[in-house]
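Step one of this worksheet: look at the structure below.
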Amino acid sequence: MNSKKLSSILVLSIVLSIGLIFSGAVTTYGQEKVTFATSFGGAELEVFQSLMKQFEEDTGIKVEVQPVSRNMKTALGSRVAGGNPPDMANVPNPGLMKNWARQGDLVSMDWFKDTELADKMAGGFLETGTYKGTLYGMIPAASVKSLVWYNKKVFEEEGYETPETLGELIKLQNQMVADGYTPWVVGLESGGATGWPGTDWLEDIMLRSAGPETYDKWVNHDISWTNPQVAEAFRIFSLFMNEDMVMGGSKAALTMNFGDSAQYIIPGAGRDKPRALMHRQATFIQDFIKDARPDAKVGEDYDTFIFPSFGKGSPPILFAGDLFIAFNDKPAVRELVKYFAEADIQQTWVEENPGRLATNVDVPLSVYPNDTLSKSAQALKEAETARFDASDSMNSAVGSGSFFSAIVNYVSGDKTLSEVLNTLENSADDAYESGEATD
Amino acid sequence: MIRKAINLFSRVPLHVVIIILCIVWLLPTLGIFVSSFRSSSDIMSSGWWSVFLDPANPQNYTIENYTQVLFGNDIWRSFLNSFIISVPATLISLFFAALAGYAFAWLKFPGRNLLFLTIVGLIVVPLQMTFIPIIKIYSSTGLYGSYIGIWLAHAGYGMPLMIYMMRNFMGGLPKELFESAFIDGASVWTAFTRLVIPLSLPVIASLAIFQFLWIWNDLIVSLIYMPDPSKAPITLKIANLVGSQGQSWHLLLPAAFISMIVPLIVFFSLQKYFVRGLTAGAVKG
Amino acid sequence: MRERNFVSWLFVGPALLVVGFFLFYPTIITTYTSFLGDVSMKGAFPTGNFVGVQNYINVLTSTETLIAFRNTMLWLVVMTSFTVVFGLLLAVLLDKVNYESMAKSIIFMPMAVSFTAASIIWKFVYAYRPPGFTQIGLLNSLMGAIGDFAARPGVNAALNVMFVVFGIAAVVFALLALGKGLWRAIGIWKEEDRVTWIAGAVITGLVLIAIWWIIGFISLGQGMTPLGIAAQVLMVLGLISIGLAAVRDNSFGPPLMGSLLLLGIVDFMLSQQGFEPTTWLMQRPWTNNMALIVMGIWVWTGFAMVMLSAAYKGIPQSMLEAARVDGANELQVFWNVTIPYMKTTIIATTTTIVIFVLKIFDFIWVTTNGEYGTDVLASLMIRKMYSFYNYEAASAIAVVLFVLIFPFVIINIRRFQSREAIR
């Protein structure tokens, strides 16, 4: 390679690049555009993108979907701080939304509250997207977390009935043990976030044992972690999470990956009976079960029931979902927000994207591909109480930090309950006071 | 005869050690290579080596993972994008670094040593600390999201190491060469293009490989500076194959290999430069 | 050289511009931020109130920083030494075989894989399933298999016999070798050969580090069985004896090494019986860190090997031949000729790797996110910045990192600048 060649390659590439720069500029010139950063990936991303294409056909506004996979905090955080955020984004938890709202990076969506679409939203969703009285996030689709996945075949064979109260659940798990089964499989491992499935357990319990008002106070750190009701929730948790009731005991629970663990409610190759019968997890786990046990059919081999209420009435629902937030206020942005609040769009979203539930109450239950989901959707609509996942709503230092470690320490027995609660209380005190992301 | 036998025999440990090391190095990669041909349920239920217990059984294998990744995912566009990002960025980096390396090695100017120390010292800067200030400036100058923006960014990030190596190498060229050239009336630029560059090809080629590899495999810089998905490189595409909870992570296996092909080709074909060139400067003395 | 200031600036200009903008300017901003409190990133520059060195005090006294610091040092020492040593070893060994190119490519390949691929690759190596379930992780499965194999009655008996045989052989050769060595040593010490002896001591020192490493890594967090400890020690003694044999030509060295290694292998196999799968990435405090460091070594050894190989090939054959003719064995040639000749490159490679090691954060970020005591300074800094928006703490840690790495950069440069003063 001589220098002539080198310089000609250099020139060629510069020319090529200039050409490409301009080609990029030409296509988007003159069209209204919304940039949307998303954490969606894989199949859900494809559905999302096709919906956006449809939006473009319907309204003429182009949406540029910018996937950031799981680097949302780094990528989006830098861009927001750098003053160049996308127009919109979807964040998986209110904590992140509250943070940006507090810093003044988000635009208010209060205008949405005046639309008819707002009335159609199932209860609880608008509150979740609100911070200090202003609406910042719209939730188009949620996933229900208060689900228990169970082996339907065994239930039918043994004549088990899906429990509707706490008492029935306890009786059921004792019966299972007596019949020689292991009731639960729990998987807490998740790399740096190990322990988070345990927080879901605790939140479900807290919502039922302490009630929604206390739950809200708990999320906002208006009551302390050492409060007896919190301690009570932990104790109820240990009724389920112990050596006798969980496959492999605490050791297995702590070391088994959450995505890995669900498959054990269905017998693997060469086994007659499954290793466990029930698994408490949100709707997304179905993908993992399908990957590991592709032959199992939901509705036949396995199914779900809602984690029972502790008293009378329908059980409160713990849910999670993506909040659509906006950094810039433009007519195009408002169009997009309204678009995703509409029933038929949400219908497409949940049909193509199993595991999600629409928040617009007009979406009929029949659109859901299986019973699990339609039951969950119904529960969501009917729920007297629905609350967003607490650990997602809390200050992230606690909700994604010390809460997870607390579960690990509690389940492993490394610390006593009071030690665990004290540690939590200390970290919460620090986090909610100091300059670290407060909300 | 006996000497030959002894020679061969004493070489056996050498070969054994090398082969063991190579196997150990290869084993992890072999694991995902095999796994990329297995169905997701197989991957989750048994170790990849169990394939070897029954190697001829076609049920053990599937190319579905590959087809899922290669088709319908627009992965070819992102392949192109990776090239569009990597090649000019590498060339620009090399060009700037060669110029500067030569200047630091052979041209006198005030503050030369201090500048060199500072530039190379900046190798310690972690990338993440640079994002926010640069985004601010990029946004106000309209460079944000452009190809030229990311080329310059990669050039900037790679400068310290490249200038260091270039200078090292070029400094080792014989003084007499330049002296005779200047006596003959050559300008600095001619000396640079006619003498320095051709003689420095080993280090240039080595740095080309190194920088290309780094840019091709980069995820975070593109994520930050290139949000436009139609310009996203293949690393970004691959990361997006996985659902937000980690579903379908088994698709990463074939994707990883597909992405690995280009760097490996680059490495294999330019290997001879690599071996000879990288520290020719550091060796002297 | 004639003064050509204008042209010089033209040459250096582009590089200066990009470096100044992309690296220098953010550094200034970062350093500035590290002295502020309550930082907000809005506006062209970070704003906040001046708090002096408060951030540094906070950072340097917090437990998490101290753990991150300890881990960073661990990475520094272990990864750099192993990467350079392996690289050197490979550079020398591969030079002697025909399939050098292919082997080099295999060792270098990890550098060509993207970071996503590398993390998946090692996810499969360290994967864990509870005992009684099929293991899908390479390491757990392998050790379990070794254990099962060693537990089989026939094999077990054979292993025990071999254990005794090798044990006796090792003891015998050890006595002979050490005896002969000492005998000669007493005679040799009178000569001017201290350097070689010091070198031997250094090898032993490195080997002791290796003992610590191996015990830490394989100790499994389950407590070491006596057999297990014995295995490690024996294998390492084998290595020490290489050292001793190398330092002074000692014909009992190789047999001693051989029997100790074989003994160690047998012992290791026996000690794996009853192996229970381990969660490698969760065992504190050493196992998980070592597991991550192994990933780093796997990736970077190729780089070290290539750099050192280039230097190795630059050694004039004449020097090596001369030493061989003088009666030196291969190890002595390596020690007395090769290494001194490559000194510069070795130092350059080592410092370069140190710099990259201190910037590593991806391996940790994606596998454990810094949990279980695996955090390093770089990942801690990023967490402070993006998870807690604590820009001031992150900046302070960044500055600490700068200060840590900078000396290595200086070493690297100063040396060849003094070389050039001769020019």
Side-chain angles (χ1 to χ4, degrees), chain B residues 14 18 22 25-26 28-29 31-32 45-47 96-97 99-100 102-103 106-109 117 119-126 128-130 132-134 136 152-153 155-157 159 163 171 188 213 217 235 238-239 252-253 256 259-260 263-264 267-268 271 274-276 278-279 282-283 285, chain C residues 1 3-5 7-9 11-12 14-15 18-19 21-27 29-30 41 44 93 96-97 101 103 105-107 112-117 120-122 124-125 134-136 138 141 306-307 309-311 314 344-345 348 355 359 378 382 385 398 402 405-406 409 413 419-420:
Chain B
L14 177 68
I18 294 181
C22 283
W25 239 261
L26 208 46
T29 319
I32 62 164
S45 52
S46 60
F96 287 2
L99 287 175
Y102 172 56
W106 290 106
L107 303 179
K108 285 205 196 347
F109 53 93
L117 193 66
I119 291 185
V120 178
L122 287 171
I123 202 176
V124 314
V125 174
Q128 289 76 5
M129 302 305 298
T130 68
I132 297 180
I134 294 182
K136 286 196 205 275
L152 290 176
Y157 293 138
M159 273 303 112
I163 292 186
V188 175
L213 277 188
N217 285 330
T235 40
I238 293 178
L252 288 176
L253 303 175
S259 164
M260 234 197 270
L264 281 180
F267 175 68
F268 276 114
Q271 246 231 59
F274 214 8
V275 168
R276 234 189 291 136
L278 205 48
T279 51
V283 169
Chain C
M1 293 270 97
E3 309 263 306
R4 299 173 209 278
N5 275 357
V7 176
S8 313
W9 288 114
F11 268 70
V12 190
V18 285
V19 167
F21 178 57
F22 289 101
L23 294 174
F24 191 66
Y25 167 62
T27 311
I29 300 264
T30 304
M41 280 292 174
L93 290 180
K96 301 185 196 295
V97 293
S101 234
S105 310
I106 291 181
I107 307 282
V113 318
S114 73
F115 170 66
T116 318
I120 308 174
I121 290 175
W122 285 90
F124 270 102
V125 175
T134 332
Q135 294 299 321
I136 60 173
L138 184 59
S141 175
V306 167
M307 284 188 85
S309 178
T344 328
T345 316
I355 293 172
K359 286 167 71 169
I382 294 177
M385 184 146 91
F402 293 164
I405 307 182
F406 211 70
V409 176
I413 301 189
R419 250 193 299 139
E420 299 207 327

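The structure presented is a predicted model; accordingly, all values stated were derived computationally and were not measured. Chain letters run A, B, ... following the sequence lines, proteins first and then strands; every chain starts at 1.
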Portion of [X] that has a non-hydrogen atom of chain C nearer than 4.5 angstrom:
{"X": "A153(B)", "answer": "both"}
{"X": "I132(B)", "answer": "side chain"}
{"X": "L122(B)", "answer": "both"}

Restricting to non-hydrogen atoms, name the atom on [X] and the atom on [Y] that form the minimum distance, rounded to 0.1 Å.
{"X": "P26(C)", "Y": "M129(B)", "answer": "CB-O, 4.0 Å"}
{"X": "L107(B)", "Y": "S8(C)", "answer": "CB-OG, 3.6 Å"}
{"X": "I18(B)", "Y": "L93(C)", "answer": "CD1-O, 3.8 Å"}
{"X": "F402(C)", "Y": "V124(B)", "answer": "CD2-CG2, 3.4 Å"}
{"X": "V12(C)", "Y": "F109(B)", "answer": "CG2-CZ, 3.6 Å"}
{"X": "P133(B)", "Y": "Y25(C)", "answer": "CB-CE2, 3.8 Å"}

Check whether any side-chain heavy atom of W122(C) sits under 4.5 Å from a side-chain heavy atom of P28(B), and report yes or no. yes
Would you indicate whether the side-chain heavy atoms of F21(C) and L152(B) approach each other to under 4.5 Å? no
Are there over 12 heavy-atom neighbours, none belonging to F124(C), within less than 6.0 Å of that residue's CZ?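 Yes.
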Atom group of [X] that falls short of 4.5 Å from chain B, counting heavy atoms:
{"X": "V113(C)", "answer": "both"}
{"X": "A378(C)", "answer": "neither"}
{"X": "I382(C)", "answer": "side chain"}

Can you measure from NZ (K359(C)) to CD1 (I123(B)) and round to the nearest 0.5 angstrom? 6.0 Å
Among T27(C), T30(C), I121(C), V18(C), who wins on heavy-atom pairs under 4.5 Å with chain B?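 Ranked by contacts with chain B, first place is I121(C).
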Leading residue by heavy atom contact count with chain B [cutoff under 4.5 Å; candidates L23(C), I106(C), I29(C)]: L23(C)
Would you check, one step at a time, whether the test side-chain contact (heavy atoms from CB on, under 4.5 Å) holds for F22(C) with T130(B)? CA-CA 7 Å; F22(C) 289 101; T130(B) 68; over 6 Å; no
Please identify, among L99(B), L264(B), T29(B), L253(B), the residue contributing the most non-hydrogen atom pairs under 4.5 Å to chain C.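 When all of L99(B), L264(B), T29(B), L253(B) are compared, L99(B) has the most.
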Do you know which of P126(B), S259(B), A97(B), G31(B) has the most heavy-atom pairs with chain C at a distance under 4.5 angstrom? P126(B)
